[in-house]
Structures are given as C-alpha cells and as structure tokens.
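Since the structure comes first, as structure tokens, the remarks are kept for the end.
Numbers restart at 1 for each chain; the letters A, B, ... are given by sequence-line order, proteins then strands.
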2 protein chains.
Amino acid sequence: MQAVILSIGDELVLGQTVDTNSAYLSSKLAERGIETRYHQTIADEQSVIAEAIVHASKLAPLMIITGGLGPTDDDLTRQALAEAMEVDLVEDPASMAAIRTMMERFGRKMADRNRVQALHPRGTAMIPNSCGTAPGIEAKLNIAAIYVMPGVPNEMVQMYARSIEPQLQTVSRVILTSKINTFGNGESNVAEMLGDLCDRHRNPLVGTTVSEGIVSVRVRSVFDDANVAREQLNQTIDEVEKALGAIVFGREGDTLQQAVIRLLRKQQRTVAAAESCTGGLINKMLTDIPGSSAAVIGGWVTYTNDMKRQQLGVTEESLAQHGAVSAQAASQMAQGALGNSEADIAIGLTGIAGPDGGSDEKPVGTIWIALAAKDMLEPVVRRFVLPGTRENVRDRAAKCALQMIRLHLMGQPLELIRWGSRG
Amino acid sequence: MQAVILSIGDELVLGQTVDTNSAYLSSKLAERGIETRYHQTIADEQSVIAEAIVHASKLAPLMIITGGLGPTDDDLTRQALAEAMEVDLVEDPASMAAIRTMMERFGRKMADRNRVQALHPRGTAMIPNSCGTAPGIEAKLNIAAIYVMPGVPNEMVQMYARSIEPQLQTVSRVILTSKINTFGNGESNVAEMLGDLCDRHRNPLVGTTVSEGIVSVRVRSVFDDANVAREQLNQTIDEVEKALGAIVFGREGDTLQQAVIRLLRKQQRTVAAAESCTGGLINKMLTDIPGSSAAVIGGWVTYTNDMKRQQLGVTEESLAQHGAVSAQAASQMAQGALGNSEADIAIGLTGIAGPDGGSDEKPVGTIWIALAAKDMLEPVVRRFVLPGTRENVRDRAAKCALQMIRLHLMGQPLELIRWGSRG
C-alpha cells in the first residue's frame with residue numbers, strides 16, 4: 001500500500017516556510033505500514049495542482065493533500081480538485097453554518113470571502129474542522145482515496161487524528177519506531193557497544209544517527225501483528241539501554257537538561273554554573289525547563305579575567321601561570337561558584353570557542369570543565385577538545401557540563417564521557 | 001520559463017533530513033526569472049524516480065535533480081535517469097581518474113563501490129565536482145534540459161554556481177528580493193508605518209512577515225531588465241528604512257546581537273547583564289558573536305532571591321515590598337551589575353516566563369527590564385507583557401533587552417519599542 005502526499009503553497013515552493021506536514025504524515029502512515037511513494041510541493045496555481053492530483057490518482061490508492069483551503073484568492077486547492085474530477089463546486093449548508101459559528105465565537109462577522117470555504121466539488125464529502133474555519137474534503141478519483149486538509153499544522157494534526165486515521169486500515173506490515181538518546185560517546189563507539197544489535201538483517205532494526213552532538217539509537221520494528229511489533233520494539237529498547245548504560249539520558253524528544261532537572265528535583269539538590277566561553281548557555285539550557293527554579297540557583301558569566309577574579313576569586317597567580325583556559329581556572333571558578341552561593345553542586349567552564357584565539361598548545365575547541373560539590377573534598381576537572389564551529393563548540397561544551405552533572409548525581413564515573421575528551 | 005526540482009532520498013521522504021536544496025535552487029532560479037512549477041521529494045526507488053523524471057520532462061524545459069549519486073546500493077539516480085532515457089550506463093574515463101585523485105588526496109584507496117560514480121547514461125555528459133567524489137550529469141529528455149547534482153548541500157551549491165548557472169539564460173522577468181529586519185513593533189504597526197509602500201499593485205512589492213518576534217519587511221522587485229530590477233529594489237529598500245527609522249536593525253540574515261556588538265565595538269563601550277527569568281539567554285546571545293569579548297563583560301544569572309541580594313545588592317526591603325518581579329528589582333539588578341563590573345552599560349531583567357507563577361496583577365509574560373549606564377544618573381526601566389510559551393517569552397524578553405541596548409547606544413528613545421510594552 002502506497003500513498004502520495006501533496007503540499008500546496010507558494011511559500012513552500014519558495015522555501016519561505018518549511019513543510020513539516022509531509023514529514024509528520026509520512027511517519028504517521030508508516031506506523032500503519034503505508035509507504036509514502038513521494039511528496040510533491042506545488043505553487044498556488046490551479047492547473048498545476050489539478051494535473052498533479054490526476055497524475056497521483058493513477059499511481060497510489062491513497063492521496064493526502066494539505067494547504068490551499070483558506071479564504072483568500074490564492075487558495076485554489078478546492079477549485080483544482082474540482083478541475084481534476086471534472087465537476088463543479090457546490091455549497092455545503094452544514095459547513096456554512098459551522099463557519100458562521102466559528103467566526104462568531106471569535107467575535108467576528110462572517111466575511112463574504114469565508115463563504116468559499118463551504119464549497120466542495122460535487123460528489124465529495126466535507127470533513128469537519130474542530131479548530132479552524134476551513135473544513136477538509138474527502139473524494140475518490142481513479143484508484144485513489146483523496147483527503148484534503150488545511151495547511152495550518154495544528155488543524156491538520158487534529159483533523160488527521162479525528163477523521164482520517166480512523167478510516168485507514170492497518171495494512172500487512174506495521175512499522176513502529178523509537179529513539180534512545182545518548183551523550184558522551186562518538187557514533188562509532190556507540191555502534192561498538194551495541195555490537196550484534198546493529199546487524200543489518202535484524203528485526204527490529206537498530207541504527208544510529210547524530211544530531212548536535214547527541215548520538216541517538218533508532219529502533220525500527222516491522223511485523224504483521226501490531227502487538228508483536230510493540231513487544232519486539234520494547235524488548236530491543238531494553239537491550240539497547242542495557243548495552244549503553246549511563247550515557248543514555250532519555251527517549252524520543254527528551255533533552256539532557258530535562259534529565260538533569262528531573263534528577264536534581266528528585267534528589268532535592270541545587271546547581272550553580274560559572275561560565276566563560278559558553279557565555280550563559282549552560283544556565284540558559286537548565287532554565288529552559290519549567291519548574292527549574294526549584295533546582296537552579298543561577299550563576300555567573302565571567303567573560304573577562306576581571307570578572308573571574310572579582311566574582312569568583314580566581315587568583316592572579318593562576319591566571320598568570322596557567323592562563324584563563326586551564327584546569328586551575330576552571331577549578332577555581334567552580335569552587336568560587338560553590339562558595340558564593342547556596343548550591344550543592346557547581347560547574348566552572350572555560351575554553352576557546354573560536355573562530356580565533358587558538359594556539360598549538362590550546363587549539364580552538366579546548367574546554368576545561370570542573371565540577372565542585374559540597375560532598376566532595378576537591379573539584380574534579382576534565383579537558384575536552386571539541387570540533388566544529390563556534391556554535392558547535394559552545395553547544396557541545398554546555399552538553400558535556402550537563403552530562404557531568406547528571407553522571408555525578410547518579411554516582412557514575414565522569415570518564416563515561418569519552419566524546420572529545422583528552423584526559 | 002518553468003523548472004521542476006526533484007530531490008531524491010529516503011531520509012527526505014521520511015522527514016529525517018530537511019530538504020534545504022530545493023528552496024535554495026528555487027530562489028536562485030527566481031533571480032533569473034525562472035519559476036519553479038513544483039518540487040518533488042522521492043524515495044530511493046529506481047522505478048519511481050524514473051517515472052517522475054519522464055513525467056517532468058514533458059512539462060517544463062528545465063529539470064534539476066539532487067541526491068542519489070553516492071557510492072552505496074541505495075543511490076539509484078543515475079540508474080533511474082538511464083531507465084527514463086531508455087539507454088544503458090557507460091563509464092567515463094575522465095571521471096574515473098578524477099575520483100581516484102580525490103580519494104588519494106584524502107589518503108584513501110579507491111573502493112570498487114566508487115567506480116559506480118563514474119557511470120552515466122549513454123549520450124549524457126558529466127559535470128565535474130570540485131569538492132566531492134560524485135560528478136554531476138547533464139542530459140536532455142523530451143522538452144527538458146536535465147541537470148543532476150549531488151545532494152550534499154555544499155557540493156550542490158558549488159556545482160550549481162560553476163557549471164549550471166552560467167548555462168541558464170536570464171528569461172523575460174528578473175525577480176530580486178531583499179529582507180529588512182525590525183524589532184519592537186507588531187506586524188500591523190509596521191504595516192501602518194509603511195503606508196502606501198504596502199500597496200498590493202506596487203512593484204517592487206512590499207510585504208511583512210514575522211518570525212520569532214522579528215518583523216521583517218520583504219521587498220520583491222520584478223522587471224525585465226536586471227539593472228532596473230536592482231535599482232528599483234535598492235530605492236524601495238531606502239524608502240522602507242526611512243519609513244521605519246531606528247527599529248530597523250539589519251538586512252537579510254542579520255541578527256539583533258550582531259547589530260548590538262557592532263555598535264558597542266564601534267563606540268568602544270562594554271555591556272554586562274544581570275538576568276533572572278531569561279536565565280543567561282541575553283549573555284548567550286551577545287556571546288554568540290565572534291569577537292564579542294571586546295564588548296561583553298559577562299554578568300549574573302540570579303535565579304533565586306538570595307543570588308539577587310548577595311550578588312547584586314537588591315534590597316530585602318524592595319523584594320518584600322514590590323517582589324522580585326518589579327521595576328525596583330530590575331533597577332537594582334542593573335545598578336548592581338554596573339557597580340560590580342567595569343561595564344559602561346548594564347541590563348537588569350526580571351519577569352515571569354511561565355507556564356506557572358502568574359497572578360492577576362503580574363500575569364505570565366510580565367517582564368521588567370532596566371538599563372543603567374555610567375553616563376546616566378538613574379536606570380531607565382520598562383515593562384513588557386509578552387505573549388506565548390515559556391520559550392517565546394524568554395526569547396522576546398532577551399530581544400527587548402538587546403534592542404534597548406541598541407537604541408541607547410544610538411541615542412534613540414526606548415519608547416520606540418512598542419511591542420508588548422505596557423508603560
């Protein structure tokens with residue numbers, strides 16, 4: 001079973017808006033074993049849309065179209081569908097009443113131009129829209145069942161879930177996927193730890209991807225029976241998590257900062273961070289999380305040497321002898337942050353984010369991170385040499401700090417972070 | 001003149017990788033007056049690719065294909081093109097030599113699987129690749145001139161610029177676009193200031209778009225002659241910038257933080273920021289910019305009341321009387337940051353980012369921002385009530401602070417920021 005997805009809109013063809021609907025629909029269809037033959041993005045031109053509908057209607061038994069159902073002159077999807085079906089447009093009284101009610105709820109009068117949204121090609125059915133004025137359309141043409149939905153993502157998602165997905169039959173194969181997120185090891189290290197789990201002939205299939213320093217393990221389970229697919233998926237997830245241990249910080253969309261805040265709150269501990277080259281990013285990430293105020297004290301952005309000395313007590317001597325990018329400076333920053341706040345744990349981070357400022361001894365990407373804690377006699381300090389742009393280096397450095405906090409809270413060795421580390 | 005753009009790859013159809021090539025090519029083609037009829041994203045399936053090539057070759061005189069030229073088994077674009085043209089694949093000796101040289105440069109042996117990259121459909125020509133192993137292919141089928149390029153964006157961009165763009169003739173109409181970026185006023189205010197410039201029948205056409213609180217004015221100039229198009233574009237840009245005044249901070253991809261750092265460096269002044277609910281974001285944004293260390297001292301993330309008192313001298317009295325989210329707290333934070341550092345200008349920001357913690361008097365989104373400076377007797381303080389999620393509120397709040405710094409440096413009234421402001 002195959003599907004074609006069409007997205008309509010000038011702004012999509014010109015790349016001014018990124019089409020997220022097609023990827024969403026592809027993954028939802030894959031869950032039911034339906035494969036996407038292709039996506040097509042088409043400008044607001046009636047004849048081109050009509051031609052694409054006719055073409056696709058001969059190729060695949062399912063067609064999903066999003067966009068072009070709005071009230072303005074450049075919204076032409078319903079006209080194009082009528083052209084493709086060689087029928088005229090007729091008004092749907094129920095839709096007209098629904099649009100009027102929706103407009104009134106927002107305290108607006110029904111504009112003449114909204115009337116067009118109650119039109120549909122003769123012989124097709126309307127699909128109600130629970131959160132917008134544009135109803136969808138359900139049609140048949142050649143071998144294809146056609147569903148037209150608004151392009152506004154949340155309206156599309158609701159309409160798909162309520163009115164379209166329930167009509168789709170799960171075909172022979174069910175495809176379920178999951179993602180397990182790790183930080184601290186390169187992709188090849190992770191693959192090595194996974195061993196036989198990565199066999200290309202295995203089902204569920206296990207593979208790795210990297211995005212912004214996060215190595216994720218993707219599991220894809222394909223079976224005829226939905227229960228078997230779910231069971232096998234869960235069993236493989238367990239095996240993956242067992243093989244990788246503490247570098248796994250979450251699943252699906254989980255972030256490192258969520259994992260850190262969750263642990264801190266559970267253990268009723270607090271953290272502070274003193275940042276040089278990350279310039280506030282660690283604190284920003286930690287405070288991304290709602291409710292982080294119970295666990296985050298705050299911290300310092302000590303971008304100049306003066307700030308390091310005055311605010312955190314980094315010594316002249318250590319700056320003169322070892323420089324601002326050194327184990328000594330990072331340690332003193334962490335100790336200063338711990339001493340000058342009520343925090344249980346403190347991070348000190350200093351480094352060279354680039355693009356300039358590197359040397360042979362301390363190349364761009366060199367980062368020192370120290371972790372001090374009330375229950376430790378001395379800070380622990382680690383060195384990383386991180387690749388990439390200024391933005392990459394800062395992002396990876398902040399993530400190394402978050403993973404250090406997380407491993408410390410779990411009583412795990414910080415040496416589990418091998419990514420970019422040099423002793 | 002119309003073009004069709006095809007992108008090949010399973011990862012694109014599944015939405016795992018966002019296809020940026022198509023948008024890039026659409027905008028480059030538009031510069032030459034060539035309109036994109038549609039984009040199509042196709043999985044790595046030879047017969048489906050071949051069918052899409054045949055279909056498009058009858059519709060538009062130009063076809064650009066990206067992706068599927070790699071050395072692995074799922075790279076099938078050259079085979080699909082041969083299938084569409086009903087010819088066999090032949091080996092190109094010059095390409096074979098070029099691939100061997102490229103591999104050797106990276107210290108690798110020529111793998112057998114790379115040999116496939118020197119194959120092309122009989123009767124087509126190879127396009128050299130200056131930065132990768134996959135050459136492109138140039139072909140003719142039905143009414144279409146076809147150019148196939150690698151999917152790796154930088155290889156594609158180079159190949160397009162060197163070998164394809166010079167062959168394209170600029171057709172009747174040239175389309176040039178530009179973007180002028182503002183912060184501090186809503187989209188409807190900006191449209192009002194632009195007045196007649198927004199007339200829908202004007203050429204160059206002027207319109208507004210909003211992204212992450214930044215209101216951008218898009219100018220689109222369409223003329224037969226490239227010089228006239230450029231001249232008219234520039235003239236309209238001047239008129240737009242004159243109508244909007246100091247809320248304009250840059251063009252095209254410019255950011256507020258770039259504009260702030262540029263002004264600070266020019267005036268040899270420095271800034272520090274004391275942040276509560278933005279949690280480090282202002283400092284993070286300022287230090288995004290390479291070379292910001294000449295202008296940014298750093299600052300404090302005072303997430304708790306204790307930190308506000310101990311680090312910045314916010315008084316018990318003001319916290320008890322007015323609360324941590326108040327004009328008084330913001331002013332004392334800015335004054336503390338100015339007094340405790342060498343900075344010329346300091347920001348104090350406090351607010352309620354949500355989703356919880358709001359009240360009738362101080363709803364979620366309430367932000368107080370104070371700006372203190374060595375050359376001012378007292379801090380100025382402004383209140384904003386910002387809409388949206390926690391992430392939205394924090395982002396907009398940091399941008400309000402950056403725009404306040406910028407307007408202060410330019411000697412412009414901070415009241416120019418009307419966006420979300422309540423006195």
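In this structure, the separation between OG on B:Ser26 and CG on A:Asp10 is 10.5 Å, given to the nearest 0.5 Å. Between B:Leu12 atom CG and A:Thr36 atom OG1 the span is 12.5 Å, to the nearest 0.5 Å. Separation of atoms CG (B:Asp19) and CG (A:Asp19) is listed at 10.0 Å; rounding is to 0.5 Å. In this structure, CG in B:Leu6 is found 9.0 Å from CD in A:Gln40, a value given to the nearest 0.5 Å. Note that NE2 of B:His39 is 10.5 Å distant from OG of A:Ser7, once rounded to the nearest 0.5 Å. Going from atom CG of A:Leu281 over to atom CG of B:Leu281 covers 9.5 Å, rounded to the nearest 0.5 Å.
A 6.0 Å sphere centred on CD of A:Gln310 holds more than 12 heavy atoms belonging to other residues, nucleotides or ligands. Applying the 6.0 Å contact sphere to CZ of A:Arg220 captures no more than 12 heavy atoms from other residues, nucleotides or ligands.
Using a 4.5 Å cut-off between heavy atoms, A:Glu275 does not touch chain B at all. Of the atoms belonging to B:Leu59, it is side-chain heavy atoms, and not backbone ones, that fall under 4.5 Å from chain A. For B:Glu342, the part lying under 4.5 angstrom from a heavy atom of chain A is the side chain only. Both the backbone and the side chain of A:Arg37 come within contact range of chain B, judged by heavy atoms closer than 4.5 Å. For chain A, the nearby parts of B:Asn340 are the backbone and the side chain; heavy atoms of each come within less than 4.5 Å.
Residues of residues 285-294 of chain B lying under 4.5 angstrom from chain A, judged on non-hydrogen atoms, are B:Thr287, B:Asp288, B:Ile289, B:Pro290, B:Ser292, B:Ser293 by number.
Taking A:Ser57 as the reference, A:Met63, A:Leu141, A:Asn142, A:Ala144 meet the side-chain contact (heavy atoms from CB on, under 4.5 Å) condition, with sequence neighbours excluded.
Residue A:Met307 comes nearest to B:Gly298 through the heavy atom pair CE-C, 4.3 Å, listed as atom of the first residue, atom of the second, then distance.
Looking only at heavy-atom pairs under 4.5 Å with chain B, the residue among A:Ala353, A:Ala274, A:Gly354, A:Gly279 that has the most is A:Gly279. Note on B:Asp356, B:Val296, B:Ile297: by heavy-atom pairs under 4.5 Å with chain A, the leading option is B:Ile297.
The shortest distance between side-chain heavy atoms of A:Glu45 and B:Tyr38 does not fall below 4.5 Å.
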